[in-house]
Amino acid sequence: MVLSAELFQDVSRDIKVEPKRERRLGGNRAALFVFAAEGLENMAFICMAVSLVTYFYGYMNFSLTKSATTLTNFMGTSFLVALFGGFICDTYMTRFKACVLFGCVEFMGYGLLTVQAHFHHLRPSPCKGVSPDQCEGADGSQAAILFAGLYLIAFGTSGVKASLPSLGADQFDENDPKEASRLSSFFNWLMFSITIGAILGVTVIVWISTNQGWDLGFGVSAIAVLLAIFFASMGKSLYRNNVPKGSPLTSFAQVFVAAIRNRGLPIPEKAEDLHEIHDKDAGVKREILPWTDQFRFLDRAAIAKTTNDASTSISHGPWRLCSVTQIEQTKILIRMLPIILSTVFMNTCLAQLQTFSVQQSITMDTRVFGFQVPGPSLPVIPLLFMFVLIPIYERVFVPLARKITGIPTGIRQLQRVGVGLVLSAISMAVAGVVETSRKSVAVEHNMVDSTEPLPMSFLWLGFQYAIFGAADMFTLVGLLEFFYAESSAGMKSLSTAISWCSLAFGYFLSSVVVEVVNKVTGGWLANNNLNRDKLNYFYWLLAGISIVNFGVYLACASWYRYKKRGEVNQIENGGGGDAKGKAQMV
């Protein structure tokens, strides 16, 4: 027995037990599944955005005005409700779970529209060949099914838009210099995947809906969303998942309430006198943000009340005393608001371009090499331009700009957004020139009141669309990256959702702009005949307002202070001695 024991010990010494290697999470491998899911989901959504007016008008018997209003409200809601999705991700569940949950809701919406489009008794009778007074619109139950499907899609896609980009960005550590540069590339390639999905949506699915039936078109969209959920789920074992840190809205409210309660207290001259949670008090990994000297009135929320009587203790609840980090999170949100508001008008221009360019194309020659291009497929022009431009930007412009500026992303996010705003103003000016040329062709050929297509190719509209496509690439990607990078760890999804709100407010504002312009000008856009309307004047007006808006943006961007990466400290449980609990002066 002794010999056996000695032999076992000798053998065990020769055996090298290798430690179990930890599986590497995150990185480009995990992001690939996010790209696939985003592209598929956007393929379905963009098809809806460009073709639903045709469905409302031709199959649900809505008027042109009601069709346009219904689409605008649907699009605006889809982006606005992203705030709710972002709140859910930051407060109650991981971004992956939220993505799957909201994706299933969106799938149900497409499924409901597929059923309605397939069964004729769920839709009103067609109005083709029927006099207008005999044309019956959708009844209450039919409209209820339609709006239930639409707003299930709006609710679902809003949650996906809030959670999926943040889930992909979480796969890169912004505090790691190597991964921080990949984070900016992630947003560029995310936009590339969105563009590919949009190209397939406005060509393949629009063609299926137009030629093979709306039930098949909605069905393909439902399958695309289902595949998006499947691809997102395939990467589950590779994801770095966020841990919900509680409601950021509650935290913001606590700061304001505490500041109001302490409004009579003097603000300390030194930031060290403000309250911050020490590592020994926290007991968990947390983010520490440094003190900044903006919005000093909020600093009162971090002043601990004291009493002269040493035997008397004052209890400080979360609604009476907040940490400096909590206050700085609130300050970040306040600084972000002027940025997002100053980009709303660009998306108003986008909504106008999408609406009126399609109407312009109907009056023009839409043949390309003998093939008749459907009006809803017109947005493929800027999408193809973006498809080429994004890789050039990522592989050529960014490395070149990085050498000049020394900034890992080439240019800062707010500079990128500013370039997009300038391009949008140029696009509106070019649109006015093209519309002037189109109207002159109508006059020269005596076709002002004719319904026949003008002898002018619709590809001329590609100039304004291509420039605006470049503007969208700069602005949308810049905003997504800006709001994700600048937000605190507890509000990444909510900040991403805020960037989508610019689109929502832009769509809602577009209808107001048209009504106001018509009233003030006496009806520039009041006729049903574009050849007699003054759409070129309207475009030039938008260009002028865009220039003014850019000036406002410059002021907001100059006032904004970027969050400095070196000032964000991570405190580990029991992490000890070197971590400082006091706020730092900037």
Side-chain angles (χ1 to χ4, degrees), residues 40-75 77-78 103-157 200-229 354-355 358-359 361-362 366 372-379 451 528:
L40 286 165
E41 192 276 336
N42 198 59
M43 178 175 72
F45 180 73
I46 290 298
C47 167
M48 299 279 287
V50 300
S51 62
L52 270 181
V53 167
T54 305
Y55 180 72
F56 294 152
Y57 181 72
Y59 291 82
M60 299 305 295
N61 297 344
F62 286 4
S63 66
L64 278 174
T65 302
K66 186 177 180 180
S67 298
T69 303
T70 303
L71 177 61
T72 301
N73 292 339
F74 165 75
M75 295 293 292
T77 304
S78 298
C104 291
V105 173
E106 186 177 3
F107 171 75
M108 290 169 57
Y110 284 111
L112 193 58
L113 291 185
T114 302
V115 171
Q116 184 178 42
H118 182 74
F119 294 102
H120 298 290
H121 65 277
L122 298 179
R123 292 185 283 113
S125 302
C127 287
K128 289 184 179 180
V130 179
S131 59
D133 57 333
Q134 294 180 336
C135 181
E136 296 182 1
D139 59 31
S141 60
Q142 293 168 343
I145 295 173
L146 173 68
F147 286 110
L150 284 177
Y151 286 96
L152 279 174
I153 294 172
F155 184 72
T157 193
L200 294 175
V202 301
T203 54
V204 177
I205 301 185
V206 166
W207 183 87
I208 291 174
S209 301
T210 305
N211 297 280
Q212 303 299 319
W214 281 94
D215 53 347
L216 192 57
F218 288 137
V220 171
S221 297
I223 294 172
V225 172
L226 195 62
L227 288 174
I229 299 171
Q354 288 176 336
T355 302
V358 172
Q359 294 182 15
S361 69
I362 294 174
T366 58
Q372 199 79 18
V373 179
S377 292
L378 182 64
T451 58
N528 288 324

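Note that the structure is a prediction, hence the values are computed from the model and not measured.
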Trainee: Return the minimal non-hydrogen interatomic distance between Q116 and Q142, and the atom names on each side.
Mentor: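 That closest heavy-atom pairing would be NE2-O, 2.8 Å.
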
Trainee: Using modelled atom types only, decide if a donor and an acceptor are shared between the side chain of S221 and the backbone of G217 within a distance under 3.5 Å.
Mentor: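 Answer holds: yes.
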
Trainee: Rounded to the nearest 0.5 Å, what's the gap from CH2 on W214 to CG on L113? Could you check?
Mentor: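 Between atom CH2 of W214 and atom CG of L113 there are 10.0 Å.
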
Trainee: Using 0.5 Å steps for rounding, measure from the CD1 atom of I223 to the CD1 atom of I205.
Mentor: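 The distance works out to 9.5 Å.
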
Trainee: Parallel, tilted or perpendicular: which describes the rings of Y55 and Y59, with under 30° parallel and over 60° perpendicular?
Mentor: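 The rings of Y55 and Y59 lie parallel, inter-plane angle below 30°.
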
Trainee: Quick one: CG on L150 to CE on M75, what's the gap to the nearest 0.5 Å?
Mentor: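 It is 11.5 Å, given to the nearest 0.5 Å.
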
Trainee: Quick one: closest heavy-atom pair of V50 and P379, and the distance?
Mentor: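 What the structure gives for the nearest pair is CG1-CG, 3.8 Å.
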
Trainee: How far apart are the C-alpha atoms of N73 and Y151, what are their side-chain angles, what is the distance that settles it, and do they pass the side chain to side chain contact (heavy atoms under 4.5 Å, CB included) test?
Mentor: CA-CA 10 Å; N73 292 339; Y151 286 96; 3.8 Å; yes

Trainee: Does the T157 side chain pair with the main chain of I153, one donor and one acceptor, at a distance under 3.5 Å?
Mentor: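 It does not hold such a pair.
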
Trainee: For L71 and A49, which heavy atoms make the closest approach, and how far apart are they?
Mentor: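 Scanning both residues, the minimum pair turns out to be CD2-O, 3.5 Å.
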
Trainee: Minimum heavy-atom separation for S209 to C47, with atom names?
Mentor: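 Reported closest heavy-atom pair: OG-SG, 4.5 Å.
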
Trainee: Just to verify, which of T114, I208, N211 counts as forming a side-chain contact (heavy atoms from CB on, under 4.5 Å) with L216?
Mentor: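 Option passing the side-chain contact (heavy atoms from CB on, under 4.5 Å) with L216: I208.
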
Trainee: How long is the span from the CE atom in M43 to the CE atom in M48, to the nearest 0.5 Å?
Mentor: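 Answer rounded to 0.5 Å: 13.5 Å.
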
Trainee: Between atom CZ of F56 and atom CG of L146, what is the distance when rounded to the nearest 0.5 Å?
Mentor: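 The CZ atom of F56 sits 5.5 Å away from the CG atom of L146.
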
Trainee: Shortest non-hydrogen contact from A148 to L112?
Mentor: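 Looks like CB-CD2, 3.8 Å.
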
Trainee: Are the side chains of V225 and L40 in touch, meaning some heavy atoms are under 4.5 Å apart?
Mentor: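 No. Closest side-chain heavy atoms not under 4.5 Å.
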
Trainee: Say you draw a straight line from OG of S51 to CH2 of W207; how long is it, rounded to the nearest 0.5 Å?
Mentor: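 If I round to the nearest 0.5 Å, the distance is 14.5 Å.
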
Trainee: Between S361 and T366, which heavy-atom pair has the shortest distance, and what is it?
Mentor: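 Heavy atoms of S361 and T366 come nearest at O-CG2, 3.3 Å.
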
